[in-house]
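Heavy-atom basis, side chains included; hydrogens, waters and symmetry copies ignored.
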Amino acid sequence: MGCCSVTQRHTGVDEVGPDEIELLELSGDNAGLWSLGETRLQLSVRTSRDEPPPPPPPPRYPSMRHLEQQVVLWGRSRDELHHRIYSHQPIREWEGQPAHMYGEIIHSSLVSLCNPYTQETREHFLVLFYFHLLILSLDQPRQDFVYEGILPLSGLSLDAVSMVPKTSHSPHMFKISGPMMDSKVFICSNSVELQKWMQHIEDRRYKSMAQPMSPSHCALSYLLPCDEHWKREELNKYLLQAPIWQWEGSPIQHMGQPGYISIVHVTKTQRQGAQERLMVLFPQDVLLLSVDNKRLNIRYEGRLPRFSIKAVERSASPGRLEFELIGELVEPLQVSCTCVEDYRHWMFQLQQQLATLELPVYFDETQDRTQELSSTAV
């Protein structure tokens, strides 16, 4: 195999052989100008004239940075859309903590949300954080997002969906579901995008379940104890979207809007002792939940039918904010409140419910007698 090298500096072109001149010629702006030092850095030596040309370089795939700069929606790149989500200007109908509290955005893209009943689809922008999945609908006239909800990954199940017969939808679909939410089917633009979502969500879901979330990733630790009005409001919203372990019955979203919430201590038997519970008042039920010591996870403890229980004052000494929940099909529970406001509110709500239930019994008597009994029950 032949080779060509320059072993001696020459002072003129006349002393350089034709093969060496071919090696030293430069293209572009430096055409006609050359030096031996430049050629050693810029040109490669061909080993033989008879050797076939080298194969073309492999195709260059766009880098992650290049993808982030591609136009995705409304003439904006992915970076610009992420900046809009993180910005201080609130997204319309946004609820809960600011977006930056959920950490870095792992993946995002345009998808279509399929209605399983009508088979209609609407475009959405799906955003995956460390431990949460954010769903945004599109306000096309304003070219902005509208908040639809944010779901903790630890409570979700993920499945690929086969194309539904007699529909024209793309076959690239996946479904997310959970114990307290209606299933949602998302349609991706292609198989590559579907694979990305499946891999990213599964990876983050596994990590969220394998290692406990730190308080910086969970709003619950900031909302307990719920000793301020704004904390109660935010906690009510949090319960409607957070996973609740060992949940039983219909989803919490079907129970209506929470009317009141507080931390109480419940004693079922003297032997068991008092246990801390989160007690939530709904239109038809009183819900009992427990929270772990790190204030990260919520567990279902039971629900009491609001129409079949009543609160009876049982305080044996001044300053003890206690009442007893009794009912025909309910084992008596002694409830201790942490403040006067909670005690008065629970007594008012549960005794008021009792008065409402008793009033129809006396409708056939005089109005004065009805009013007298009503005031006595309250």
Side-chain angles (χ1 to χ4, degrees), residues 61-65 67-68 70 72 78-79 81-82 85-86 96-97 99-116 121-137 147-164 169-220 238 240-247 251-253 292 294 296-299:
Y61 294 98
S63 65
M64 181 60 68
R65 186 63 186 170
L67 289 174
E68 297 297 320
Q70 290 181 346
V72 176
R78 201 178 304 270
D79 270 348
L81 294 174
H82 291 179
I85 294 171
Y86 282 130
Q97 60 187 357
H100 71 269
M101 294 293 292
Y102 294 104
E104 181 184 353
I105 293 177
I106 305 299
H107 186 59
S108 67
S109 74
L110 273 176
V111 297
S112 294
L113 179 60
C114 177
N115 187 316
T121 62
R122 288 177 54 206
E123 272 196 318
H124 285 69
F125 194 67
L126 208 56
V127 183
L128 179 65
F129 292 99
Y130 281 127
F131 300 107
H132 296 81
L133 185 66
L134 172 64
I135 304 173
L136 300 170
S137 60
Y147 176 85
E148 291 280 335
I150 189 162
L151 305 172
L153 296 178
S154 58
L156 297 182
S157 299
L158 176 68
D159 299 289
V161 179
S162 302
M163 186 170 63
V164 181
H169 297 328
S170 164
H172 315 300
M173 301 184 288
F174 67 93
K175 179 178 72 172
I176 59 173
S177 56
M180 297 179 303
M181 59 168 283
D182 296 328
S183 299
K184 298 182 183 297
V185 176
F186 295 99
I187 305 174
C188 301
S189 58
N190 52 58
S191 59
V192 175
E193 192 62 34
L194 172 63
Q195 192 65 21
K196 285 182 181 179
W197 276 113
M198 295 290 291
Q199 290 178 350
H200 281 305
I201 293 179
E202 277 295 349
D203 177 63
R204 300 312 310 179
R205 181 174 168 271
Y206 171 78
K207 291 178 179 177
S208 68
M209 297 177 67
Q211 56 189 56
M213 294 168 59
S214 67
S216 61
H217 292 135
C218 183
L220 184 60
Y238 181 85
L240 296 179
Q241 63 183 12
I244 299 179
W245 301 108
Q246 300 181 3
W247 181 267
I252 193 172
Q253 293 86 352
D292 64 350
K294 295 183 179 180
L296 297 177
N297 300 302
I298 303 175
R299 188 173 68 179

Decide side chain to side chain contact (heavy atoms under 4.5 Å, CB included) for F186 and L113; before the verdict, give the C-alpha distance in whole Å, the side-chain angles of both, and the deciding distance to 0.1 Å.
CA-CA 5 Å; F186 295 99; L113 179 60; 3.7 Å; yes
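Checked against side chain to side chain donor-acceptor pair (under 3.5 Å), W247 has no partners two or more places apart in sequence or in another chain. Partners of H124 by ring-ring contact (aromatic ring centres under 6.0 Å, His included), not counting sequence neighbours: none found. Partners of E123 under the salt bridge (charged side-chain N to carboxylate O under 4.0 Å, His left out) rule, at least two apart in sequence or in another chain, do not exist in this structure. Under the side chain to side chain donor-acceptor pair (under 3.5 Å) criterion, Q246 pairs with no residue at all, not counting sequence neighbours. Taking the salt bridge (charged side-chain N to carboxylate O under 4.0 Å, His left out) definition, one finds that D292 meets it with nothing, sequence neighbours left out. Residues forming a side chain to side chain donor-acceptor pair (under 3.5 Å) with E148 (at least two apart in sequence, or on another chain): S137. For V185, the side-chain contact (heavy atoms from CB on, under 4.5 Å) partners at least two apart in sequence or on another chain are C114, M173, K175. Judged as a side-chain contact (heavy atoms from CB on, under 4.5 Å), and not counting sequence neighbours, the contacts of S191 are H172. For R122, the side chain to side chain donor-acceptor pair (under 3.5 Å) test picks out no residue, with sequence neighbours left out.
Separating the NZ atom in K196 from the CD1 atom in I106 is a distance of 14.0 Å, to the nearest 0.5 Å. Summarising the geometry, atom CG belonging to N115 is positioned 9.5 Å from atom OG1 belonging to T121; distances are rounded to the nearest 0.5 Å. Once rounded to the nearest 0.5 Å, the distance linking CG of L156 with NZ of K184 reads 10.5 Å. Note: S112 OG to L110 CG = 8.0 Å, rounded to the nearest 0.5 Å.
Aromatic ring orientation, F129 versus Y86: perpendicular (interplanar angle above 60°, classes split at 30° and 60°). Taking the six-membered ring for Trp and thresholds of 30 and 60 degrees, H82 and F125 have ring planes inclined between 30 and 60 degrees apart.
The side-chain heavy atoms of I176 and W197, taken from C-beta on, include no pair separated by under 4.5 Å. Side-chain contact check for L128 versus L153: some heavy-atom pair is nearer than 4.5 Å. For the pair C188/Q195, no side-chain contact is recorded, criterion being any heavy-atom separation below 4.5 Å from C-beta on. Here the side chains of Y102 and L134 are not in contact, with every heavy-atom distance at 4.5 Å or above. L126 has its side chain within reach of I135: a pair of non-hydrogen atoms, C-beta onward, lies under 4.5 Å apart. For the pair D159 and F174, the minimum side-chain heavy-atom distance is 4.5 Å or more. A heavy-atom distance below 4.5 Å is found between the side chains of L136 and I85.
Judged by distance alone, with hydrogens and angles left aside, the side-chain atoms of Q253 form a donor-acceptor pair with the main-chain N or O of L240 at under 3.5 Å. Between the R78 side chain and the V72 main chain, no donor and acceptor come within less than 3.5 Å of each other. For R204 (side chain) and Y130 (main-chain N/O), a donor-acceptor pair under 3.5 Å exists by modelled atom type.
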